[in-house]
Peer 1: 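If you scroll down you'll find the structure; I have some questions about it.
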There are 2 protein chains.
Amino acid sequence: MNVTTELHDFIFNGHLNYVPHLSIDCAVFGFHDNQLKILLLRSKYLDGWALPGGHIQRNEHIDIAAQRILKERTGLDKIFLKQYQTFGDPDRLKTQSSQYFLNAVQIPIPPNNWLMERIVSIGYYALVEFSKATPTPDLFTEECVWWDIHQLPALIFDHDHMINLALLTLQSQLHYQPIGYNLLPDKFTMPELQKLYETILDKPLDRRNFQKKIMGLGILEKLEERKSVGPHKSPYYYRFNEKNYQEALTAGLSFGF
Amino acid sequence: MNVTTELHDFIFNGHLNYVPHLSIDCAVFGFHDNQLKILLLRSKYLDGWALPGGHIQRNEHIDIAAQRILKERTGLDKIFLKQYQTFGDPDRLKTQSSQYFLNAVQIPIPPNNWLMERIVSIGYYALVEFSKATPTPDLFTEECVWWDIHQLPALIFDHDHMINLALLTLQSQLHYQPIGYNLLPDKFTMPELQKLYETILDKPLDRRNFQKKIMGLGILEKLEERKSVGPHKSPYYYRFNEKNYQEALTAGLSFGF
DNA sequence: GCAAAAGTGTTACGCTTACACCCATGG
DNA sequence: CCATGGGTGTAAGCGTAACACTTTTGC
């Protein structure tokens, strides 16, 4: 099935496979170059960028649907995913002079098409290891790339709102979700971990206090190896002790930033 | 329109007014007799109790739909309501030997009826002033009554799961949501407020420390009046200083229980 | 007068914060 | 050798937690 046929099939027969009136949108976070990144897709048909999203199969759990969608966009399995909010404004897809998304597909679409009706979207946020993801666009998009969370392009629909809320949720859950574990590679340095926390919390932290607190949690192992990273002392690598981390999370982490 | 006609109309024409595949369920909390209560409805057609719920009108914001549904069940306007989770297990309505809810309505219902399809439910929790609510059953239920959160009856579908998650959410948000303000009457005593916190957190708190911390937040006004409540010293009444409370909430309350 | 609950203050401990100097590395 | 960033410890202050006796009231 070529792309045009596939698109046509999705538009006219998608309701047979997917639950109408519902969609999923995911704010996928990564960390690279000391920046918090989010994965966005550039729309073929509208002037703006979109969160990765999709529909729920008729007999599929919504959490599984989110996993499936992100597997398609990143190549990754078993992504850390958390539902954070469902977006149910009846006018959320009517933006820019009340124009619906699919009016722009350049295929005549009847007004009673399943994609032309009101859609409530379930928002998830995801944490992935930047270097392991392979951003891949979908049928509706030209490209799929990481954007610095502080320098975002124009977004379609209510996706800016979705991102803002995802970020707030991430901040508020930093203390009891395995943020670092999911966003960082297996080995990382203390300054990298600190930058991650500083970036998400959007405030500077004291190096010595940060190190003391993090190490006090007993969830990190210091390795022998150091990372050579510039004209100065080389920082040690650390890794998470997965067992201790999981235990600490269920007990509630209690950093006190 | 009598009840039978109304029910018939809802079943066979409801999809014209309401968004199919979606519903709302609300965990409504109240506080009375030093107990945390939740509002439940006894089903006419199934053997168990249910959360107050309903469907979303085709052009209605989901938050407005939740308000409308609770207005019908309690008589109250402008209820404190917060979305906390969307429940999307494809089998969530298939309980007790795969029997769907509406098989029990004693009206023959075709399998492609909108109520027979998969339904994803958006969960809200609500905080109401117990004495102001007027519990009122709906079309599908015999009675609507408050239950002690620690002594619940058998529940239909996944409603026990919904309640558990609502409670966990309430606990975790106790520190930055206006819990007391919404659950207590205008005037209340310090022991009553403490019991509320103890009940939600499910642990005892020290009276002296509790009073110090709460008063330290500057959100309570002590009144002259005392409540005569038994063969012992009479506690003072307090009330919230609404202005200070709202300010404190946006700043983040930070009790430290 | 007695039982039952409310009002109130002080102390110790732990956690959080603030802060400065030396070391390693690359150019 | 110099600039840059990493590694490390201590002291002060604040908030939290622990704790007991007196007062009021109804029976």
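A note on names: the letters A, B, ... follow the listed sequences, proteins ahead of strands, and every chain is numbered from 1. Predicted, not measured: the structure shown is a model, and the values here were computed from it.
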Peer 1: Could B:Lys195 and B:Glu198 be called an ion pair, given the rule that one side-chain N must be under 4.0 Å from one carboxylate O?
Peer 2: yes
Peer 1: From CD1 of A:Ile214 over to P of C:dC15, roughly how many Å is that when rounded to an integer?
Peer 2: 15 Å
Peer 1: Given side chain to side chain contact (heavy atoms under 4.5 Å, CB included), test A:Ile79 with A:Thr74 step by step and report yes or no.
Peer 2: CA-CA 10 Å; A:Ile79 291 177; A:Thr74 65; 3.6 Å; yes
Peer 1: Before we go on, tell me: are the rings of A:Phe188 and A:Phe240 under 6.0 Å apart, centre to centre?
Peer 2: yes
Peer 1: Roughly how many Å is it from CG in A:Asn34 to P in D:dG5, rounded to a whole number?
Peer 2: 11 Å
Peer 1: Send over the distance from B:Leu223 CG to C:dA6 P, rounded to a whole Å.
Peer 2: 17 Å
Peer 1: Would you say A:Thr136 and A:Glu72 make side-chain contact, with heavy atoms under 4.5 Å?
Peer 2: no
Peer 1: Roughly how many Å is it from NZ in B:Lys213 to P in D:dG15, rounded to a whole number?
Peer 2: 12 Å
Peer 1: Rounded to the nearest Å, what distance is computed from the NZ atom of residue A:Lys227 to the P atom of nucleotide D:dG5?
Peer 2: 15 Å
Peer 1: In whole angstroms, how far is the C1' atom of C:dA5 from the CG atom of B:Leu205?
Peer 2: 17 Å
Peer 1: Is there any protein nitrogen or oxygen under 3.5 Å from a nitrogen or oxygen in nucleotides 9-14 of chain D, and what are the pairs?
Peer 2:
from, atom 1, to, atom 2, distance (Å)
D:dT10, O4, A:Lys212, NZ, 2.6

Peer 1: Can you work out whether A:Arg226 or B:Gln211 has the more 5'-proximal nearest nucleotide on DNA chain C?
Peer 2: B:Gln211
Peer 1: By nearest heavy atom, map A:Arg207 and B:Met190 onto DNA chain C; which one lands nearer the 5' end?
Peer 2: B:Met190
Peer 1: Check the phosphate of D:dT8 against A:Lys222, side-chain N and O only, distance under 4.0 Å to OP1 or OP2. Yes or no?
Peer 2: yes
Peer 1: Could you tell me if the side chain of B:Phe80 sits less than 4.5 Å from the side chain of B:Tyr181, heavy atoms only?
Peer 2: no
Peer 1: In a check of side chain to side chain contact (heavy atoms under 4.5 Å, CB included) between A:Leu174 and each of A:Leu196, A:Thr169, A:Ile179, which one passes?
Peer 2: A:Ile179
Peer 1: Is A:Ser228 touching bases, backbone alone, or none of the nucleic acid, heavy atoms closer than 4.0 Å?
Peer 2: sugar-phosphate
Peer 1: Is the backbone N or O of B:Pro137 less than 3.5 Å from a side-chain atom of B:Arg73, with the two atoms forming a donor-acceptor pair by type?
Peer 2: yes
Peer 1: Looking at residues 232-241 of chain A, who's got a heavy atom less than 4.0 Å off DNA chain D?
Peer 2: A:His232, A:Lys233, A:Pro235, A:Tyr236
Peer 1: Could you tell me how far apart B:Phe210 (CZ) and D:dG15 (C1') are, to the nearest whole angstrom?
Peer 2: 17 Å
Peer 1: Report the relative orientation of the aromatic rings in A:Phe130 and A:Trp146; use parallel for angles under 30°, tilted for 30 to 60°, perpendicular for over 60°.
Peer 2: tilted
Peer 1: What donor-acceptor contacts under 3.5 angstrom involve side-chain atoms of residues 152-160 of chain B, with partners at least two apart or in another chain?
Peer 2:
from, atom 1, to, atom 2, distance (Å)
B:Asp158, OD1, B:Arg92, NH2, 3.4
B:Asp158, OD2, B:Arg92, NE, 2.8
B:His159, ND1, B:Leu51, N, 2.9

Peer 1: What is the distance, to the nearest angstrom, from the CD atom on A:Gln194 to the P atom on D:dG5?
Peer 2: 13 Å
